[in-house]
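Scroll down for the structure; my scribbles are underneath it.
Worth saying up front: this structure is predicted, and the values here are computed from it rather than measured. To find a chain, count down the sequence lines: A is the first, B the second, and so on, and within it residues start at 1.
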Protein chains: 2
Amino acid sequence: MVTTGERVERAALELFAEKGFAATGIREIAERAGVSSGALYHYMGTKEDLLAQVMNRGNARLLHLAEAALAGAAGPAERLARLVAVHVYVHAHAQLDALVIDSELRSLGEEARSRVMELRDRYELLWRNALSEGRAAGAFRFNELGIARLALLEMCTGVARWYSPRGPVDDRTLGETFVDMAFGLINACGPDDRRLTHADVAIPDLNGLAADIAEELAKVGETTGGWSET
Amino acid sequence: MVTTGERVERAALELFAEKGFAATGIREIAERAGVSSGALYHYMGTKEDLLAQVMNRGNARLLHLAEAALAGAAGPAERLARLVAVHVYVHAHAQLDALVIDSELRSLGEEARSRVMELRDRYELLWRNALSEGRAAGAFRFNELGIARLALLEMCTGVARWYSPRGPVDDRTLGETFVDMAFGLINACGPDDRRLTHADVAIPDLNGLAADIAEELAKVGETTGGWSET
DNA sequence: GTCAGGTAATCAATCGATCGATTACCTTCA
DNA sequence: TGAAGGTAATCGATCGATTGATTACCTGAC
């Protein structure tokens, strides 16, 4: 059974992704959740608290999944490949969360924004480390670390802006294609100087993450629990 | 001398990029432009018309610059390199326009939106053609044309979200780095199967575009002239 | 009888847009 | 030269509608 609180959050997520935070009215959220606008305030603090909850939950989930996927990775190339695969998978399957997280940071107040940014920074550090260690080891051959990291992240994040699960591309192909593109982008080579592809690294079965996502969601619910204090 | 109309449009551009279209009030635009909220309506139709003008102008400029840069390109690799260079240059130097164009399509009504999308589609066709011809000629070696095109565009468009002209990277380095990354991403190779870099293709001096941008702006002003009829 | 869950009505504030009135400037003709 | 007439620019005030948020009141389950 789906509770009213969950329906409220889901309605807010959909509307924030669709029309943006500022353009979404309290009454719209209430209508889509099937309650009156007054009843909404039984389940949320302010509209901004609702946004903060959505963003924290999504960011924490991505961070958890990435850290879990990195465990047991053989080397920098495998670490990066797993980061790419998880990032693309999550952005393809949790599209709405991703769109809201990417474009509504400015709608949060300072306090809530810095909390979201802290999670984001911890996540991006995983990428920075994988890239710099891979370059130090001679596996990756690029010049500008900052540019490469940002280009990779923008490329992978963009998936949320165009991917459709009902389109011609299944997510296995999507993930492998992005790993190949990422390897090419940073000029990833094996010991024999041959160009690396997704076939050269081990990537955990990402479809198994579907269950993990739900599980992580529950955990995150406890962690960031409830509403931001104001 | 800068006219009041130009100040209004500039103020709107800044605020739309900063806070988003829906979160920007008419009175804020007026205040930043230095006029009363009533006087604003001598220079614009509705708030949405103002947004449509900003987006059409920016898109038309990008399209013009790209078409101009493509003239005289030697082959698919050079064509793609020029597209990347122009795209990155424009997104680095017309950041506000790019941010608004990328994120405020949903704020337009159907009529204005389809006009903006037509320009965008014409522009993206240049990329699609360069990519597919390059692959047909054996110069580019990637599997999914659609994914590659979208990944490239997202990567290059992302520049507007993080680049700072006052940062450590000058735009020459930025453009060359992105051409190299793009070539790697699509696995671009020369006749000898050697990996291509920016040094293998001729890219017009992009700093000369600064003047062209202003010139194109004037032209576009005539073309899309005035306000969208409603 | 109490309390979580819910509603309808309402709050002050702000929204985009429009109003009539006024100012500043430019022609045109005597 | 200068008064008349026209037009573009700008103002403060205000319109009806909508905003996020709050209140008082109701209902059914335990």
Side-chain angles (χ1 to χ4, degrees), chain A residues 1-16 18-55 100 104 106-109 111-113 225-230, chain B residues 1-16 18-55 100 104 106-113 221 225-230:
Chain A
M1 172 213 171
V2 49
T3 69
T4 306
E6 289 166 346
R7 286 203 327 271
V8 167
E9 192 182 338
R10 177 68 193 181
L13 171 65
E14 291 174 1
L15 286 165
F16 291 165
E18 231 172 80
K19 329 175 47 180
F21 176 77
T24 297
I26 277 291
R27 290 161 184 80
E28 284 177 284
I29 301 175
E31 187 184 9
R32 184 167 299 204
V35 294
S36 71
S37 70
L40 225 52
Y41 286 86
H42 273 277
Y43 299 96
M44 65 177 210
T46 65
K47 193 174 79 157
E48 187 189 318
D49 291 336
L50 197 50
L51 175 62
Q53 166 162 308
V54 166
M55 297 182 72
V100 172
E104 297 295 355
R106 61 184 173 198
S107 301
L108 291 178
E111 181 191 356
R113 180 164 63 241
W227 317 97
S228 76
E229 67 289 345
T230 31
Chain B
M1 173 210 173
V2 49
T3 69
T4 306
E6 289 166 346
R7 281 199 334 266
V8 168
E9 192 181 339
R10 176 69 193 179
L13 171 65
E14 291 174 1
L15 286 165
F16 292 164
E18 232 172 79
K19 328 175 48 179
F21 176 76
T24 297
I26 279 289
R27 289 162 184 82
E28 284 177 283
I29 301 176
E31 188 183 8
R32 185 167 300 204
V35 295
S36 73
S37 70
L40 223 52
Y41 284 85
H42 259 274
Y43 299 96
M44 66 176 207
T46 64
K47 195 175 77 159
E48 187 189 319
D49 291 335
L50 197 48
L51 175 62
Q53 165 162 309
V54 165
M55 295 181 73
V100 172
E104 298 294 357
R106 63 184 172 197
S107 300
L108 290 177
E110 277 193 53
E111 182 192 355
R113 180 164 63 241
W227 317 97
S228 76
E229 65 292 345
T230 31

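Nearest heavy atoms, B/Ala112 versus B/Ala52: CB-CB, 4.2 Å. The two residues A/Ala22 and B/Ala22 have their closest heavy-atom pair at CB-CB, 3.9 Å. Nearest heavy atoms, A/Val8 versus A/Ile29: O-CG2, 4.1 Å.
Using a 4.5 Å heavy-atom cutoff, the side chains of B/Thr3 and B/Tyr43 are not in contact.
Whole-Å rounding puts the A/Met44 CE to D/dG20 C1' distance at 8 Å. At whole-Å resolution of the value, OH in B/Tyr43 and P in D/dT7 are 17 Å apart. Rounded to whole Å, atom P of D/dA21 lies 10 Å from atom CG of A/Leu50. What separates OH of A/Tyr41 from P of D/dG20 is a distance of 7 Å, to the nearest Å.
Annotation: proximity of residues 20-35 of chain B to DNA chain D (heavy atom, distance under 4.0 Å) is found for B/Arg27, B/Val35, numbered in ascending order.
Atom-to-atom distance recorded for A/Glu48:CD and A/Phe21:CZ is 6.0 Å, nearest 0.5 angstrom. Distance check, rounded to the nearest 0.5 Å: OG1 of B/Thr24 to NZ of B/Lys47 gives 6.5 Å. Annotation: the span from B/Leu51 atom CG to B/Leu13 atom CG amounts to 10.0 Å, rounded to 0.5 Å.
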Nucleotide by nucleotide, nucleotides 23-30 of chain D touches protein heavy atoms under 4.0 Å in the pattern (B base, S sugar-phosphate only, - none) --------
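Remark on DNA chain D: of its neighbouring residues B/Ser36 and A/Lys47, the 5'-side contact belongs to B/Ser36, judged by nearest-heavy-atom nucleotide.
For the salt bridge (Lys or Arg N to Asp or Glu O under 4.0 Å) condition, the pairs that include at least one residue of residues 20-45 of chain B, sequence neighbours left out, are B/Glu14-B/Arg32, B/Glu18-B/Arg32, B/Lys19-B/Glu28.
Here A/Glu9 pairs with A/Gln53 under the side chain to side chain donor-acceptor pair (under 3.5 Å) rule; sequence neighbours left out. Checked against side chain to side chain donor-acceptor pair (under 3.5 Å), B/Ser107 has the following partners two or more places apart in sequence or in another chain: B/Glu104.
OP1 or OP2 of D/dG20 has not a single side-chain nitrogen or oxygen of A/Thr46 nearer than 4.0 Å.
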**OP:** Please lay out, stage by stage, how A/Val35 and A/Arg7 fare under the test side-chain contact (heavy atoms from CB on, under 4.5 Å).
**Re:** CA-CA 10 Å; A/Val35 294; A/Arg7 286 203 327 271; 4.1 Å; yes
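Taking five base pairs at each end of the helix from C/dG1-D/dC30 to C/dA30-D/dT1, the local helix axes there meet at an angle of 0°, rounded to 10°.
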